[in-house]
There are 2 protein chains.
Amino acid sequence: MVLEQPPASLVPALQKLHAARSTVGSATQRVIDFVLEHPNDVIHLSVTEVAEGSNSSEATVVRLFQNLGFKSYQDFKIRLSQSLVPTTRSFERRIESGDTAYTIFQKVFATSSLTLSDTLEHLEPAALERSVDLLIRARRITFVGVGGSGIVALDAHHKFFKLGLFCEAVPDPHNAAQVAALLGPDDVMVAISHSGTTQDVLHAVRIAKDNNASLIALTGLARSPLSKLADVTLNTTSPESRYRSEAVASRIAQLCIVDALVVALYLRDEERLGRHWQRARTALTEKRV
Amino acid sequence: MVLEQPPASLVPALQKLHAARSTVGSATQRVIDFVLEHPNDVIHLSVTEVAEGSNSSEATVVRLFQNLGFKSYQDFKIRLSQSLVPTTRSFERRIESGDTAYTIFQKVFATSSLTLSDTLEHLEPAALERSVDLLIRARRITFVGVGGSGIVALDAHHKFFKLGLFCEAVPDPHNAAQVAALLGPDDVMVAISHSGTTQDVLHAVRIAKDNNASLIALTGLARSPLSKLADVTLNTTSPESRYRSEAVASRIAQLCIVDALVVALYLRDEERLGRHWQRARTALTEKRV
DNA sequence: TTTTTCTTGTAATTTTATTTCATCACATTA
DNA sequence: TAATGTGATGAAATAAAATTACAAGAAAAA
C-alpha cells in the first residue's frame, strides 16, 4: 500500500479513509467500510471491537490508521470525534415549556447554526455559479416574496441596491403580478417562498416566465411547484422544531444566501460595483454621531 | 466528593471540571488545574502522563473523570476533543478575489455561524430575562431602525404581530420621532442600530425616554450612545471581514435574537399567545396551493 | 480522644494497543 | 509450469495504558 503523506489535512478524517479504500487489501477494506458505516460508534470502540465488527484482525486495524498518517488508533479517534461534532443532538435543541430565557436562546441559536450548515451542505456549487451568472448580467432584478419572505426580499433589495444594481423588492402580492408583466428576457426574477406553494408568488412567477425572464427560486422544499418553474433553485433546509416554525429558521439561511450572493457579485465585477458601494457607504457615515 | 448526576450536559466538558473544583481534594484539584491549563494537550495524553503533569497518581486521574460522570478517561477525552473543535480559523474565512462562488458561500456561512455563537456567548442571561419581562408586560411595542436595521424592525414586527401583540415597526426615520412622542410609561421601544450612533434613531429614542417608555437596545457596540440610554442592551458581536461589513453579519444575529425573544414570550404566556398564533397560522394555509 | 469518612498513592489486575513473525495469496519471471 | 518475490493478513507475544483493590493517612464528626 502506497500512500502519500497527507496534506495538512483540512480534510476530515473520514475522507482520508474513503480515498484510501481502493488502494488497500480486502481485509483492510472491510475495516474502512465498517468505520465509514458506523463512524459515531467507532468513537467509543476499541481496536479489538473494530476488528471483530469488520471480521478482520487487530493488527490490520492498527496498521490501517498508522499507514493513513495517524500517530495511533487513539489519535484517529480524536480526529474523528472532532469532525463529527457539529450536530447538536436534537434533544438538546428541543425547547421545553420550563426553559429559561437563556436556555431558549441557546437552543434557538443552535438550531439556526445547524440550519446554516445543513443548507450550505445541500447547495450545489453549479447552481450558485449559475445564479451569479444570471444576476450579474441582468438588466433588472425583481425580488418577490410575501409575508415573512417579503422581509427577505426587502433585505435583498437593500443590499443589491447598494451595489448600484437596478433592482426592486415587491413584498406586496398585488403589485407582484403587475411588476412581473413588465419584465423581459434580460431580466431576472428572484422568487422567495419557503413552501414554494404560495399562490400569489406563483402567479407572478408564471407571468414572468411568459415574458421569458429568468427565474431564481429561493425555497425550502426541493420539489415544489416554484422550483419546477425556476431556472435555478437555491434550497434551504432546516431541522424540525417545536415553537418555531421551520419557515422562520430557514429565513436565517435565506438571508445568508443573499449575503453570499452579494459578495460573489461584488467580486465578479469589483471595478464597477466597488465604486458604487463605496459611494453608498460614505453617504451613510454622515448620519452618525 | 458528592456530585449530582450531571444534566444532559449542554455544558462543554471543561465547565464540569471547573464546577467540581471546589468540592474535591487537593490532589484532584491539581489534576483539574492541569487539565484546565492544557486542554489541548490533554487530548493526546495518557492517564499516566496527566498524573505526572499534575503531580498526582493515575488512580486519582481515573477516579476524577468517573466521578464527573464520564464512562472512562477515554470517554472524557472524546468529549473534550469535541468541545475543543477548532473554530474555523480566520484565514479560512477570509474571502479572496479569486474565490469561486461556492467558496464564497462557505466563507460567508462560516462567518455567520461564528457570529451566532459569539453573540450567544456574550449575551447576559439576566438581560434576556429582563427583556422578556418588559416585552410581555408592554401595552404597545415599537420597533425602530433605519436602513438595514429597518429590515430587522420589520421582521420583528411581522413575528410579534403573529403573537397578537400590539406592535409596530417604524423603518422610516421621519415617522420615528412622531411615533416616539405617542409612547407612554407602559410602552416599550426596541431600538435597532448596529453602530448605536444613528442620529435618527437616537432622536426618536430620546423622545421615548422623555415619555418614560422602556427601551431595549439591539446594537453591535456595547458602549454606544444608544446603549447608555437603554434599560436593557442586547449586543451582537461579529468578527471582522473584508467584502462584507460587520453590520451585515451581525444582522443575522439580530434576527436570531428576535426569533428567540418571540419563542421566549410565547412560552411565558402560552395560553393567550398560543391562541393568536394558531389563528394567524391557519389563515395562511389557505393561501397555499 | 476516638471513630468515621473521605482522599490518596502503590501495586496488582485487566483491558487495550502495538509489534513480531509465520503463512498465504497473487503476480512476475524463468 | 514451476520458482520467486511482494505485499497483505491474522495469531500470538509483547508493550502500554487504564482500571481496580487495598492500605495508609488526613480531615471531620462524635
Side-chain angles (χ1 to χ4, degrees), chain A residues 1-5 13 16-36 38-39 41-81, chain B residues 1-5 13 16-36 38-39 41-81:
Chain A
M1 174 167 55
V2 182
L3 282 173
E4 303 96 330
Q5 179 65 8
K16 265 194 219 174
L17 282 185
H18 194 78
R21 191 176 183 287
S22 57
T23 74
V24 301
S26 60
T28 310
Q29 270 189 8
R30 289 200 301 278
V31 177
I32 291 180
D33 291 343
F34 178 81
V35 176
L36 288 177
H38 315 280
D41 304 322
V42 168
I43 288 181
H44 303 289
L45 299 182
S46 69
V47 171
T48 313
E49 289 166 316
V50 172
E52 276 172 13
S54 59
N55 283 311
S56 64
S57 66
E58 280 126 317
T60 304
V61 174
V62 168
R63 274 188 302 244
L64 168 62
F65 295 114
Q66 289 176 339
N67 289 334
L68 285 173
F70 298 99
K71 278 205 292 292
S72 67
Y73 171 68
Q74 291 293 340
D75 183 43
F76 165 76
K77 287 212 307 191
I78 297 290
R79 305 298 176 111
L80 178 59
S81 69
Chain B
M1 173 169 54
V2 182
L3 282 173
E4 303 98 327
Q5 180 64 10
K16 264 193 219 172
L17 282 184
H18 193 79
R21 190 175 184 286
S22 57
T23 73
V24 301
S26 61
T28 311
Q29 271 188 9
R30 289 199 302 278
V31 178
I32 291 180
D33 291 343
F34 178 80
V35 176
L36 288 176
H38 315 280
D41 304 323
V42 168
I43 287 181
H44 302 288
L45 299 182
S46 67
V47 170
T48 312
E49 288 165 316
V50 173
E52 277 172 13
S54 59
N55 284 311
S56 64
S57 66
E58 281 124 316
T60 305
V61 174
V62 167
R63 274 188 302 245
L64 168 62
F65 295 113
Q66 289 177 340
N67 289 333
L68 284 174
F70 299 98
K71 277 204 293 290
S72 66
Y73 171 70
Q74 290 295 338
D75 182 43
F76 165 76
K77 288 212 308 191
I78 297 288
R79 305 296 177 113
L80 178 59
S81 68

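Chain identifiers are assigned alphabetically (A, B, ...) following the order of the sequence lines, protein sequences preceding nucleic acid strands; residue numbering begins at 1 within each chain. Here the structure is a predicted model, which means the values were calculated and not measured.
- Sorted by first and then second residue, the salt bridge (charged side-chain N to carboxylate O under 4.0 Å, His left out) pairs with a member in residues 41-59 of chain A form an empty list; sequence neighbours excluded.
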- Determine, for nucleotides 15-29 of chain D in 5'-to-3' order, which nucleotides have protein heavy atoms under 4.0 Å from the base (write B), from only the sugar-phosphate (write S), or from neither (write -). --SSBB---------
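- In this structure, A:R30 reaches the D:dG10 phosphate: one of its side-chain N or O atoms is under 4.0 Å from OP1 or OP2.
- Applying the side-chain contact (heavy atoms from CB on, under 4.5 Å) test to A:V62 and every residue at least two apart in sequence or in another chain returns A:V47, A:Q66.
- Residue pairs that meet the salt bridge (charged side-chain N to carboxylate O under 4.0 Å, His left out) test with at least one member in residues 19-35 of chain B, sequence neighbours left out, are B:R21-B:D33.
- OP1 or OP2 of C:dG9 sits under 4.0 Å from a side-chain N or O of B:T60.
- Over its full length, the helix from C:dT1-D:dA30 to C:dA30-D:dT1 turns its helical axis through 10°, comparing axes from the five pairs at each end and rounding to 10°.
- When the ring pair (Phe, Tyr, Trp, His ring centres under 6.0 Å) test is applied to A:H38, the partners found at least two apart in sequence or on another chain are A:F34.
- Taking atom CZ on A:F65 and atom C1' on C:dT18, their separation rounds to 14 Å, with Å as the unit.
- Aromatic ring pairs are classed by plane angle as parallel below 30°, tilted from 30° to 60° and perpendicular above 60°; the pair A:F65 and A:Y73 is tilted.
- By the 6.0 Å and 45° rule, A:K16 does not stack over the aromatic ring of A:F76.
- Applying the salt bridge (charged side-chain N to carboxylate O under 4.0 Å, His left out) rule to pairs touching residues 64-75 of chain A yields A:D75-A:R79, sequence neighbours excluded.
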